[in-house]
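Beneath this line is the structure, given in structure tokens, with notes to follow.
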Amino acid sequence: MGFQLTSKDYAEYIRLAYQKIHENGDYITSLDAATGDGDHWANLDSGFRRLNEMAGDLETMSLFDEFRQIGRTMMSVIGGSSGVLYGSAYLEAAKILEDKETIANRELYQVLSAMLEAIMSRGNAKPGCKTMIDSLYPAVECYKACMAEGVSDTELLERVKQAALDGAENTRNMEAIKGRASYQREKGLGNLDPGAVTMSYQLEILLNYALGKVER
Amino acid sequence: MGFQLTSKDYAEYIRLAYQKIHENGDYITSLDAATGDGDHWANLDSGFRRLNEMAGDLETMSLFDEFRQIGRTMMSVIGGSSGVLYGSAYLEAAKILEDKETIANRELYQVLSAMLEAIMSRGNAKPGCKTMIDSLYPAVECYKACMAEGVSDTELLERVKQAALDGAENTRNMEAIKGRASYQREKGLGNLDPGAVTMSYQLEILLNYALGKVER
Amino acid sequence: MGYKLKKIINKAENVVEEMLHGMALANPALIHSEGLGVISRKEKASKVGVVSGGGSGHEPAHAGYVGKGMLDAAVAGNVFSSPDPERILEGIHQANGGKGILLVLKNYSGDFMNFTMAADLSGMDGIDVEHVIVKDDVAVEDSTYSTGRRGIAGTVLVHKIAGARAEEGGSLLEVKAAAEKAIQNLRSMGMSMSACTIPMIGKPGFVLGEDEMEIGMGIHGEPGINRTKIKSAKEIAKILLDKILDDYEASGIEMKNSEVALLVNGLGATPLMELYILNGEVHAYLAEKGIRIYKSLVGNYMTALEMAGCSLSLLKLDEELKKLLDAPSEVPGFSVSYGAVKTCVK
Amino acid sequence: MGYKLKKIINKAENVVEEMLHGMALANPALIHSEGLGVISRKEKASKVGVVSGGGSGHEPAHAGYVGKGMLDAAVAGNVFSSPDPERILEGIHQANGGKGILLVLKNYSGDFMNFTMAADLSGMDGIDVEHVIVKDDVAVEDSTYSTGRRGIAGTVLVHKIAGARAEEGGSLLEVKAAAEKAIQNLRSMGMSMSACTIPMIGKPGFVLGEDEMEIGMGIHGEPGINRTKIKSAKEIAKILLDKILDDYEASGIEMKNSEVALLVNGLGATPLMELYILNGEVHAYLAEKGIRIYKSLVGNYMTALEMAGCSLSLLKLDEELKKLLDAPSEVPGFSVSYGAVKTCVK
Ligand SMILES: Nc1ncnc2c1ncn2[C@@H]1O[C@H](COP(=O)(O)OP(=O)(O)O)[C@@H](O)[C@H]1O
Ligand SMILES: Nc1ncnc2c1ncn2[C@@H]1O[C@H](COP(=O)(O)OP(=O)(O)O)[C@@H](O)[C@H]1O
Ligand SMILES: [Mg+2]
Ligand SMILES: [Mg+2]
Ligand SMILES: [Mg+2]
Ligand SMILES: [Mg+2]
């Protein structure tokens with residue numbers, strides 16, 4: 001009972017996340033075209049493409065180095081707002097993983113919390129501003145609750161995944177506040193936030209991957 | 001028998017010429033639009049409008065001063081190519097009229113010859129290049145011939161006027177050479193040259209005016 | 001797509017790097033950090049380094065202001081998109097003379113996040129980094145890419161002030177204070193008459209009617225205050241200046257009898273002829289208001305690709321700002337009607 | 001009509017005077033002879049006066065080149081139309097330092113007639129006037145407004161050379177000889193991607209298809225050599241340079257291993273970004289041909305209102321021309337990537 005993700009597992013996750021993101025190009029682009037400047041998928045996809053190419057190297061690194069490398073790469077290849085936000089997230093999360101060989105239940109929580117904190121402090125946004133935070137924040141909150149309740153790893157991972165997906169879905173009725181004009185706030189109404197959706201993709205793939213690793 | 005044009009007569013001629021030019025705006029503009037840049041009438045009309053305003057002053061001057069004034073005004077108000085050509089013409093013709101009180105038969109010939117010469121030397125064009133010269137040159141040639149034949153002033157003035165008008169008409173079948181691109185030379189074919197037409201207007205009005213002054 | 005766009009380019013994805021390459025070739029005093037979007041001074045100085053940057057498409061901003069007396073490095077992102085922290089770190093590195101670095105940002109969220117991230121990272125390397133944020137555009141309170149006011153052409157004057165203060169040996173905090181003073185006294189506003197096309201996107205970002213202009217539009221085509229029929233130069237001067245002057249008043253800055261630097265900025269496709277006509281109207285209107293123009297700069301200082309339109313910026317001057325504005329500078333972009341006539345006169 | 005045009009103007013008939021007025025306001029070293037279309041240096045010098053001019057709409061040409069080390073006066077006609085002799089006389093008068101006047105003309109029949117008429121008239125006033133005619137455009141042999149080749153952006157380099165020679169005290173014939181040498185060694189060619197609108201006319205002078213460019217078009221929209229689909233920066237550089245280099249060869253001027261000044265000129269609406277990309281391609285292509293670029297100038301030097309497009313000019317240099325090119329100058333328009341970086345460095 002429990003899961004242990006190595007740096008090799010994380011590299012594998014990156015490959016799977018790239019596939020998922022890459023397959024949803026038109027959809028994500030249309031979301032950003034509706035509420036932003038339309039480049040979110042192109043940005044993210046090029047970042048993950050690069051990571052996918054590097055995956056062979058990544059799996060040979062320590063988790064600490066791997067996360068730092070992912071962070072630097074996302075920062076510079078994704079670019080724009082989401083690049084620096086993901087970059088900050090990974091560089092912050094790396095600190096948790098110094099000297100760690102694997103990511104188990106507890107570390108995964110710390111990693112996701114650290115990412116959330118980094119994103120919130122870098123971008124100065126809160127839950128409810130219709131951003132990627134609106135997928136990650138409920139996931140982290142759910143994680144915390146599950147740990148307090150002491151549910152099984154499998155149930156925890158399933159519930160956290162669902163929270164991330166629901167969180168993205170809930171951006172539909174939010175007004176955009178960050179990175180958008182006030183007069184355009186209503187513009188987002190009825191549309192999902194692209195950054196929240198791609199965040200939920202990554203969490204979905206990661207949590208599914210962890211689910212596959214849970215020893216029963 | 002004979003005519004004598006004073007500076008007052010010449011000012012009166014200017015008024016009449018302005019009327020004639022002013023009335024033919026659309027026609028002349030369409031000619032220049034077909035073969036040039038479309039501004040010939042606007043240029044010439046503004047020059048003559050100014051002269052028309054100045055006519056009261058002009059009629060008080062000596063012929064010499066009057067021609068110099070007309071030349072300077074045409075030069076600066078008409079502008080473009082035709083302004084400087086008419087300016088040169090009048091400044092050159094003024095020299096003939098130094099110390100003259102009137103323009104009679106002989107002086108009129110000298111004035112027109114001087115104008116022709118000035119225009120040809122300033123613009124470096126010859127008869128047959130589809131320019132204003134093609135109205136003035138045949139008029140001057142005809143004048144010379146009439147003087148050699150010794151015809152009456154009335155007949156002379158009538159024949160010179162006709163030569164000017166025919167000359168303008170003959171530009172229809174000429175290729176434009178001056179002030180136009182070689183590849184545009186044929187462009188003029190079938191069209192009258194606007195500068196030749198407005199030159200013929202001026203000569204027509206001037207010679208008609210002189211005809212009215214012939215003492216029988 | 002590619003070069004079927006009506007632009008003199010090769011591949012749309014390479015425009016920024018190729019531009020910076022061509023720029024360094026034209027300016028032997030500058031170097032281009034290949035692949036990293038950075039233009040910096042070849043001759044390094046032991047002084048505070050002033051670094052600016054942002055999305056490309058605003059040329060001559062920002063690289064055109066690199067040189068003696070202004071910026072030490074400029075960092076270029078893709079067209080209308082913030083440079084990433086890696087590039088900004090390269091800019092900081094190139095500008096580092098051991099006395100600290102001032103980052104001059106325009107207030108766009110992407111720029112803010114990327115520049116402050118780079119500042120955090122270089123803090124770890126032991127480099128002192130401070131930043132100032134220019135928010136000179138009085139048109140709108142929040143915008144497509146900004147929380148709070150946008151930074152636009154007036155930023156160039158901040159480059160000049162900060163660069164001059166650094167050149168004369170000011171400490172990091174002194175340079176920052178000079179920049180802050182300029183920012184406090186700076187107001188701008190623009191208008192646009194046509195759209196522009198980001199090479200990678202290949203079609204215009206918006207459409208304006210044949211006889212329309214948009215007041216207050218941003219330098220990325222972000223919406224402004226309102227669209228109106230095209231107006232005369234005189235009316236345009238009045239609309240933009242009234243809003244700017246009201247804003248000074250709202251901030252409690254008295255403008256009557258003051259002296260200002262004026263920047264009449266073209267957005268790219270507007271001929272100098274029109275900018276000079278506008279300059280004449282601005283002079284007349286400010287004279288009416290009792291405001292003296294100490295210096296006017298007229299030209300393309302911060303563009304939006306091939307957008308037609310303009311912006312006006314005023315910088316209220318005191319003796320210190322005047323002196324810094326007048327200090328010599330040697331940069332490619334800061335010159336039309338100014339560098340040459342005034343700054344270069346020794 | 002009037003200002004319903006999409007231009008920042010007041011009345012179309014006043015654009016030239018209002019522009020010159022606004023320009024003099026921005027440049028305290030210049031004065032504007034009101035109503036006469038002339039911009040001249042405030043500080044008069046006892047030296048040969050260099051005067052240029054022509055139709056307006058080519059800003060910063062010609063008034064932007066008035067100042068120490070270049071022109072003493074520039075005479076502006078209406079948009080795309082020669083100034084009249086009265087105005088040119090005013091220019092000659094303003095530039096007259098008692099040592100004679102050199103008129104630098106571009107080869108258009110209107111300019112030729114008006115400038116030579118003015119020269120004749122001022123000859124009567126006892127002023128020595130010489131003229132040179134720039135015909136740098138290798139595109140076409142005759143054109144809408146010229147018998148023989150047109151004069152285009154390379155003219156700016158002639159201003160620089162003649163101005164520098166006059167500034168260093170050359171006699172009228174020496175200044176003329178320097179200008180002639182520059183003209184002999186100068187070749188240019190351009191291309192256009194969009195039309196422009198003369199304010200008084202109010203509609204574009206021609207139409208180019210959505211994906212078309214015209215090679216060899218003149219700076220008044222005069223037809224060039226051919227229309228083609230839009231090409232890459234690399235191809236454009238090659239097309240223009242090949243024709244220029246062929247022309248040098250046809251005149252028996254050996255270019256291999258020579259040094260040149262390069263002018264990458266924008267026609268008005270083409271962003272600096274594109275000009276720099278083109279500059280990179282020109283450098284690469286000339287390097288292939290064994291031609292060394294001594295100096296490159298990139299920017300809007302001689303425009304055609306808001307036309308999109310560019311021209312390239314090469315000036316083959318010898319030691320004298322290099323020295324004159326490098327001589328200091330203080331003018332509003334001759335600076336982007338040059339005046340500032342090179343000329344102003346003392
Ligand atoms: N300040 C912020 N905090 C958190 N997330 C943000 C912030 N600003 C933008 N985002 C997220 O980034 C997404 C857009 O990313 P992207 O399109 O790649 O960058 P850009 O906005 O620079 O074009 C948004 O959908 C939103 O989820
Ligand atoms: N070199 C020349 N010699 C004589 N007449 C000329 C010459 N060039 C042009 N013209 C005349 O000028 C007329 C055009 O005048 P206008 O339209 O006013 O000037 P521009 O050609 O400068 O626009 C032509 O129709 C022609 O008759
Ligand atoms: Mg986006
Ligand atoms: Mg973006
Ligand atoms: Mg005409
Ligand atoms: Mg004309």
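Just so we're on the same page: letters track the sequence lines, and every chain starts at 1. Atoms considered below: every heavy atom in the structure, side chains included; atoms not considered: hydrogens, waters and symmetry mates. Everything numeric here is computed off the predicted structure, so don't read it as measured data.
C:V15 places a side-chain heavy atom less than 4.5 Å from the side chain of D:M273. Side-chain contact between D:H283 and C:H21: absent, with no pair of heavy atoms (C-beta onward) separated by less than 4.5 Å.
At a 4.5 Å heavy-atom cutoff, C:V282 makes no contact with chain D through either its backbone or its side chain. Interface residue D:L208: backbone and side-chain heavy atoms are both found under 4.5 Å from chain C. At a 4.5 Å heavy-atom cutoff, C:T303 makes no contact with chain D through either its backbone or its side chain. Residue C:L275 does not touch chain D at all, counting heavy-atom pairs closer than 4.5 Å. Interface remark: C:E281 contributes side-chain atoms only to the contact with chain D (heavy atom separation under 4.5 Å).
Atoms OG and CE, from C:S296 and D:M23 in turn, are 11.5 Å apart once rounded to the nearest 0.5 Å. Atom CG of D:L297 and atom CG of C:N27 lie 9.5 Å apart (nearest 0.5 Å).
The most heavy-atom pairs under 4.5 Å with chain C, out of D:E212, D:M307, D:M213, come from D:E212. Most heavy-atom pairs under 4.5 Å with chain D, from the set C:E59, C:M193, C:E306: that is C:M193.
Between C:I9 and the choices D:I236, D:I230, D:I277, the side-chain contact (heavy atoms from CB on, under 4.5 Å) rule is met once, by D:I277.
For D:G280 against C:L25, the heavy-atom pair with the smallest separation is CA-CD1, 3.9 Å. When all heavy atoms of C:G209 and D:K6 are compared, the pair lying nearest together is O-NZ, 2.7 Å. Scanning all heavy atoms of the two residues, the minimum distance from C:C310 to D:I8 falls at SG-CD1, 3.8 Å. Nearest heavy atom pair, residue D:A26 against residue C:V298, reads CB-CG2, 3.7 Å.
With hydrogens and angles disregarded, no donor-acceptor distance shorter than 3.5 Å links the side chain of C:K7 to the backbone of D:E274. When atom types are taken as modelled, the side chain of D:N10 and the backbone of C:K234 share a donor-acceptor pair closer than 3.5 angstrom.
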